[in-house]
Amino acid sequence: MTTAFLALSSWSRAFCLYVLLTVLLLRLIYLRYRNNLNAFPGPVVASVTDLWRLWYSYHNKNGIPMVKLHEEYGPVIRIGPRMLSFSTPEAVRDIYGPGKNFKKSEFYSVIAPLQNGVIKDTLFSTRDQAYHSGYRRAVNSSFSMSVILQYESYLDETTQIFLNKIDEIITQTKGKKGLIDLPRLLQYYAFDAVAMLAYSKRYGFVEKNTDIDGIMKTTRFILDYTSHMGNYPLWDKIFLKNPLMRLLGRLGFINMTTPMIPFAINSQAERLREFKANPNRKEKNRDILDSYMALHIAKPDIVTENEVLELGVMLGFAGSESTGVALSALIYYVVRDARVYGKLQSELNSHLATSVTGVTYAETQTLPYFDACVKETFRIHPPSGFIMERVTPPSGAQIAGYTVPGNTIVGCNPWAVHRDKATFGEDVEVFRPERWLEPSEDEVRKIWKSMIHFGAGPHTCMGRHVSVLEIYKLGATILRHFKITLTEQDRVYKLTVGQFVRLDFSVMLERVEGL
Ligand code: HEM
């Protein structure tokens with residue numbers, strides 16, 4: 001092609017270039033002005049290419065997501081040729097609220113995992129609304145708080161192992177204190193805890209204090225990849241999910257399956273054998289897998305074997321790093337502020353029994369200041385760092401008072417919404433649990449409704465009760481059982497933004513006397 005181009009006369013070459021540049025210019029003008037989206041403020045480059053968003057997500061991977069941009073451009077920003085980001089609770093209501101049911105964008109197709117070369121849509125990744133609502137309706141009750149609470153003892157068991165591991169680390173350092181990479185250990189806990197709830201068995205991360213089979217590393221890589229590449233789904237199609245790669249995956253030449261799959265397959269096969277051997281067994285609903293198996297038997301066309309298998313993948317991807325991050329953030333923000341830490345310690349000391357075992361969920365519900373600390377953690381550090389993208393219907397939509405054309409990608413990032421000053425006050429950057437205690441109950445209910453750490457609408461996090469149970473129980477236990485100190489250098493934020501916003505820090509832990 002280059003040789004043919006060079007063979008042309010200089011006049012013809014100039015003409016070709018002229019045509020090419022004109023076409024390019026017209027395309028840029030079209031992208032910039034299409035559907036009048038140019039009326040919305042935002043970086044000019046973003047208005048003509050989605051590559052800007054990809055660049056931003058890499059460039060800003062150690063910074064707070066979207067907040068500075070909204071401060072600069074206001075509550076609505078154009079961040080793509082056909083994409084708008086909003087930052088107010090009104091926009092949340094208009095995009096995700098009752099009756100809206102906007103479709104998910106192509107961002108989610110990047111999240112769909114490949115298993116032996118085949119794309120396996122999950123509840124999280126699917127863009128098929130009929131499939132989603134049928135499947136979600138079928139399995140939702142397996143994740144209600146009353147059901148999850150039945151498995152509380154599994155968490156206690158895992159908590160005990162977690163406490164023993166910390167003691168072991170402290171002993172190894174031959175003193176009363178141990179320097180611990182707490183975010184990593186909490187991540188291990190989250191993987192093991194969620195596996196206990198699902199399969200009544202652990203991976204063994206905490207016991208071994210190591211990343212079993214590289215599960216955590218791979219999960220993290222995939223989560224980070226999807227959160228960046230979701231901004232430019234075409235590249236995922238070209239580089240990863242292209243027909244050649246999928247064929248090689250199907251033929252077994254390359255393995256693009258997550259290492260969580262064997263654990264899920266073995267657990268599922270074991271349970272299937274048990275169910276078949278004893279269909280009327282008394283021991284029912286031992287864990288979430290049991291309720292999935294029962295659903296599979298009752299509704300095999302909705303909860304297929306594949307959906308049962310997906311349980312393991314879903315817990316690994318949606319439920320592990322997310323909860324680990326929330327727990328790390330809770331400890332970090334509390335301990336960083338001596339005033340808050342002191343106040344919380346007095347509450348925990350006076351309300352909780354001096355039991356050497358972990359704190360029960362019922363006990364955590366008698367701790368108003370602790371509850372306010374958890375709420376404030378979710379506000380200032382929502383674990384999810386991505387914009388929950390949706391597509392407006394062809395007829396367009398009214399969002400937060402703006403008229404938005406049809407087929408526009410719209411969405412909110414929890415970090416930006418949780419820093420809306422009109423809702424949360426001028427001091428949004430300050431970790432202040434009192435903002436959940438001082439106003440009237442009605443006012444607190446209203447601001448709580450503006451929070452989207454677990455998403456909103458029909459796609460609200462299905463595992464939120466799992467996480468809440470883990471966070472309240474383990475969070476209160478650690479803060480009650482240990483005196484925690486951050487080193488000076490760890491007082492400075494070290495963030496990594498992937499699908500979840502990880503905090504990196506170490507702490508000195510020392511057992512509280514008598515516990
Ligand atoms: C602190 C922990 C967690 C946070 C912050 C969190 C956050 C979220 C958010 C923001 C969404 C909505 C995403 C969207 O609309 O694009 C979501 C959806 C989801 N989460 Fe979670 N999550 C957490 C824990 C869990 C756990 C433990 C599980 C599983 C047991 C889970 C399973 C799911 C599933 C299946 C969905 C998709 C729901 C649907 O589309 O119907 N999450 N989560």
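Order of listing sets the numbers, starting from 1, for every ligand and every atom in it. Heavy-atom basis, side chains included; hydrogens, waters and symmetry copies ignored. In this text, all values refer to a predicted model and were calculated from it rather than measured experimentally.
Contact between R464 and ligand 1 is absent, with no heavy atom of the residue lying under 4.0 Å from the ligand. Residue contacts with ligand 1 include F386, since one or more of its heavy atoms lies under 4.0 Å from the ligand. Heavy atoms of R390 come nearer than 4.0 angstrom to ligand 1 in at least one pair. Ligand 1 is approached by Y108 to a heavy-atom distance shorter than 4.0 Å. Heavy atoms of E389 stay at 4.0 angstrom or farther from ligand 1.
When hydrogens are left out, the protein atom nearest atom 28 (C) of ligand 1 is G463 CA, 3.4 Å; that is the closest non-hydrogen contact. The protein atom (non-hydrogen) at minimum distance from atom 38 (C) of ligand 1 is R136 NH1, 3.3 Å. Protein heavy atom closest to atom 32 (C) of ligand 1, with residue, atom name and distance, is A318 CB, 3.4 Å. Atom 40 (O) of ligand 1 has its closest protein heavy atom at H459 ND1, 2.8 Å. The shortest contact between atom 27 (C) of ligand 1 and any protein heavy atom is with G319 CA, 3.3 Å. Given atom 30 (C) of ligand 1, the protein heavy atom at minimum distance is L315 CD2, 3.2 Å. Considering only non-hydrogen protein atoms, atom 36 (C) of ligand 1 sits nearest to F124 CD1, 3.5 Å. Closest to atom 35 (C) of ligand 1, if we only count protein heavy atoms, is M314 SD, 3.3 Å.
Contact atoms of ligand 1 toward S322: 1 (C), 2 (C), 3 (C), 4 (C), 23 (C), 24 (C) (distance under 4.0 Å to a heavy atom of the residue). Near H132, with a cut-off below 4.0 Å to any heavy atom, the atoms of ligand 1 are 39 (C), 40 (O), 41 (O). Using a 4.0 Å cut-off to heavy atoms of S384, the atoms of ligand 1 that qualify are 7 (C), 10 (C). Against a heavy-atom cut-off of under 4.0 Å, G455 is close to the following atoms of ligand 1: 9 (C), 10 (C).
Atom NZ of K494 has more than 12 neighbouring heavy atoms from other residues, nucleotides or ligands inside a 6.0 Å radius.
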Q: Run the numbers on R220 and Q187 for side chain to side chain donor-acceptor pair (under 3.5 Å), then give the verdict.
A: CA-CA 11 Å; R220 191 166 276 185; Q187 211 76 85; 3.2 Å; yes

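A salt bridge does not link R93 to E90: none of the charged nitrogens lies less than 4.0 Å from a carboxylate oxygen. Between K237 and E106, at least one side-chain nitrogen of the basic residue sits less than 4.0 Å from a carboxylate oxygen of the acidic one, meeting the salt-bridge criterion. Ionic pairing of E310 and K120 is not present here: no N-O contact between side-chain nitrogen and carboxylate oxygen is shorter than 4.0 angstrom. Salt bridge status for R271 with D287: present, with a side-chain N to carboxylate O gap under 4.0 Å.
Contacts of V325 with ligand 1, taken as heavy-atom pairs under 4.0 Å, are absent altogether. The proximity of C461 to ligand 1, defined as any non-hydrogen pair under 4.0 Å, involves the side chain as well as the backbone.
Figure legend: R432 and F424 shown without cation-pi pairing, the cationic atom not lying both under 6.0 angstrom from the six-membered ring centre and within 45 degrees of its axis.
Between the side chains of E434 and Y369, a donor-acceptor pair is found at a separation under 3.5 Å. There is a side-chain donor-acceptor pair under 3.5 Å between Q499 and T226. Between the side chains of D121 and Y108, no donor N or O sits under 3.5 Å from an acceptor N or O.
For F162 and Y188, the gap between ring centers reaches or exceeds 6.0 Å. If you look at Y203 and F263, their ring centroids are closer than 6.0 Å.
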